[in-house]
Amino acid sequence: MQLATWNVNSLAVRLPQLLDWLAAHPVDALVLQETKLTDDKFPRAEIEAAGYRVVFHGQKTYNGVALLSRSEATDVVRNIPGLADEQARVIAGTVDGVRVVGGYFPNGQAPDSEKFVYKMGWLQALQDWLRSELARHTQLVLMGDFNIAPEDRDVYDPVAWAGQIHCTDQERAHFRALLDLGLVDAFRLFEQPPKSWSWWDYRNLAFRKNQGLRIDHILVSQALQPRVSACEIDKAPRKNERPSDHAPVIVTLV
DNA sequence: ATGTCGGACAGGGTCCGA
C-alpha cells in the first residue's frame, strides 16, 4: 500500500501533471494541498476517470485540500472539529483501514505577524484533535504541507534561516508535540540522500541550485510504523516546465 | 536579487499570498 502527499499549488493548473503522476505512481491514497478551487469547480470527473474516488474541501483563491483514494474513504472529516476556521486546510478519511489525515498547515508569514499567531492556534487545535483521533484509530497517517522544517538538516542554509518562518523554535516544538502523540516521521526511518528537500522557492533558481526546505511530511502512528518499508520525495515533478513549488512525498506500507 | 508563480479583479496591470 502506498500513500502520498502533494502540494499542487493550484489544481486547475496542475491537473494534467497530477493525472500523469498518478498514472506513473498508482498510489492507494493521495492528499493534495493548495487546490485553490471552490468545490463546484473541483475536477471530480477527471480524477474519477483515472480510477480514484475523491473527497475535497476547498475555497476561492487560497488553501483547499483533497483526498484521492482507490477505495472509498469513509468517516470523512473536513477541517479540525471544534475549531472555527474559515480556511480549508484539513481533510480526513479512513482508507483500507488506515485513518488518513491530510493537512495544509498555515504558512505563518513571519514570526511577528498575526498569521503566526493563527498558525500557533491552529497547530494546538490540530494536536488536541489528533490525540482523540489516535485514541480511535491506531493506524493513522498525518501527511501534508506542514510549513515546518523540523530540524536544521531539513534546511539548505540553517544559519540564514535560523528563527525565520518554518524554522522557529515554536514551530519546531509543535512538530515535536505531534511526534509525542505517538507519531513517527516516516522519512527519517530510512537513510536519505543529504540535502533532501520537498519545497524550493520559485525564485533565485532555487531548484537548480537545490536550495530548499523539507516541509512536506508523512507521520505514521506507532502501530503503523512496522509496516513502513520506504519513504521518499519524488523530485521528478519539480523538473516539469511549469511545476508546483513542492514535490510529492510517498510512503510504502507492507 | 523585493529574484517567481498563481488567482482575483478586470478586461491590463497591480495586488496579495506563498
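Here is the naming used below: chain letters follow the sequence lines, and residue numbers restart at 1 for every chain.
Atom NE2 in A/His57 sits 10.0 Å away from atom CD in A/Gln87 (nearest 0.5 Å). Interatomic distance, CG of A/Asn7 versus NE2 of A/His246, reported as 4.0 Å (0.5 Å rounding). Rounding to the nearest 0.5 angstrom, the gap separating the CG atom in A/Asn147 from the CD atom in A/Gln109 is 12.0 Å. Taking CZ of A/Arg214 as the start and CG of A/Asp216 as the end, the distance is 9.5 Å to the nearest 0.5 Å. To the nearest 0.5 Å, the span separating CG on A/Leu18 from NE2 on A/His25 amounts to 11.5 Å. Separation of atoms NE2 (A/His217) and CG (A/Leu183) is listed at 12.5 Å; rounding is to 0.5 Å.
A straight line from CG of A/Asn147 to C1' of B/dA18 spans 8 Å, rounded to a whole angstrom. The CZ-C1' distance, from A/Phe105 to B/dA18, rounds to 17 Å in whole Å. For A/Leu32 and B/dG6, the CG to P distance is 16 Å, given to the nearest whole Å. What separates CD of A/Glu34 from C1' of B/dC5 is a distance of 11 Å, to the nearest Å. The distance between atom CZ of A/Phe116 and atom P of B/dA18, rounded to the nearest whole Å, is 14 Å. Residue A/Glu241 contributes atom CD, which lies 15 Å from atom C1' of B/dT4 at whole-angstrom precision. Going from atom NZ of A/Lys41 over to atom C1' of B/dG6 covers 15 Å, rounded to whole Å. Taking atom CG on A/Leu11 and atom C1' on B/dG6, their separation rounds to 13 Å, with Å as the unit.
The residue among A/Asp245 and A/Leu205 whose nearest nucleotide of DNA chain B lies closer to the 5′ end is A/Leu205. Residue order along DNA chain B, read from the 5' end via each residue's closest nucleotide, puts A/Val13 first among A/Val13 and A/His246.
Using a cutoff of 4.0 Å between basic side-chain nitrogens and carboxylate oxygens, A/Asp169 and A/Arg172 are not scored as salt-bridged. Under 4.0 Å is where a charged nitrogen must lie from a carboxylate oxygen, and between A/Arg188 and A/Asp154 at least one such pair does. Salt bridge annotation for A/Arg99-A/Glu133: present, with a cationic side-chain nitrogen under 4.0 angstrom from a carboxylate oxygen.
Outside the 6.0 Å centre-distance limit, the rings of A/His166 and A/Phe146 are not counted as a close aromatic pair.
When the C1' atom is compared between B/dC15 and B/dA10, the two are found 13 Å apart, to the nearest whole Å. Between the P atoms of B/dG7 and B/dT2, the separation comes to 25 Å (whole Å).
Contact annotation: A/Arg14 reaches the phosphate of B/dG6 (side-chain N/O to OP1 or OP2, under 4.0 Å). Side-chain N/O atoms of A/Lys60 include one lying less than 4.0 angstrom from OP1 or OP2 on B/dC9. The phosphate of B/dG6 has OP1 or OP2 within less than 4.0 Å of a side-chain N or O from A/Arg242.
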Atom pairs, protein N/O to nucleotides 14-17 of chain B N/O, distance under 3.5 Å:
unit_1, atom_1, unit_2, atom_2, d
B/dG17, O5', A/Lys115, NZ, 3.4

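Helical stems involving DNA chain B, defined as 3 or more consecutive Watson-Crick or G-U pairs under 3.5 Å, span B:4-9 with B:13-18.
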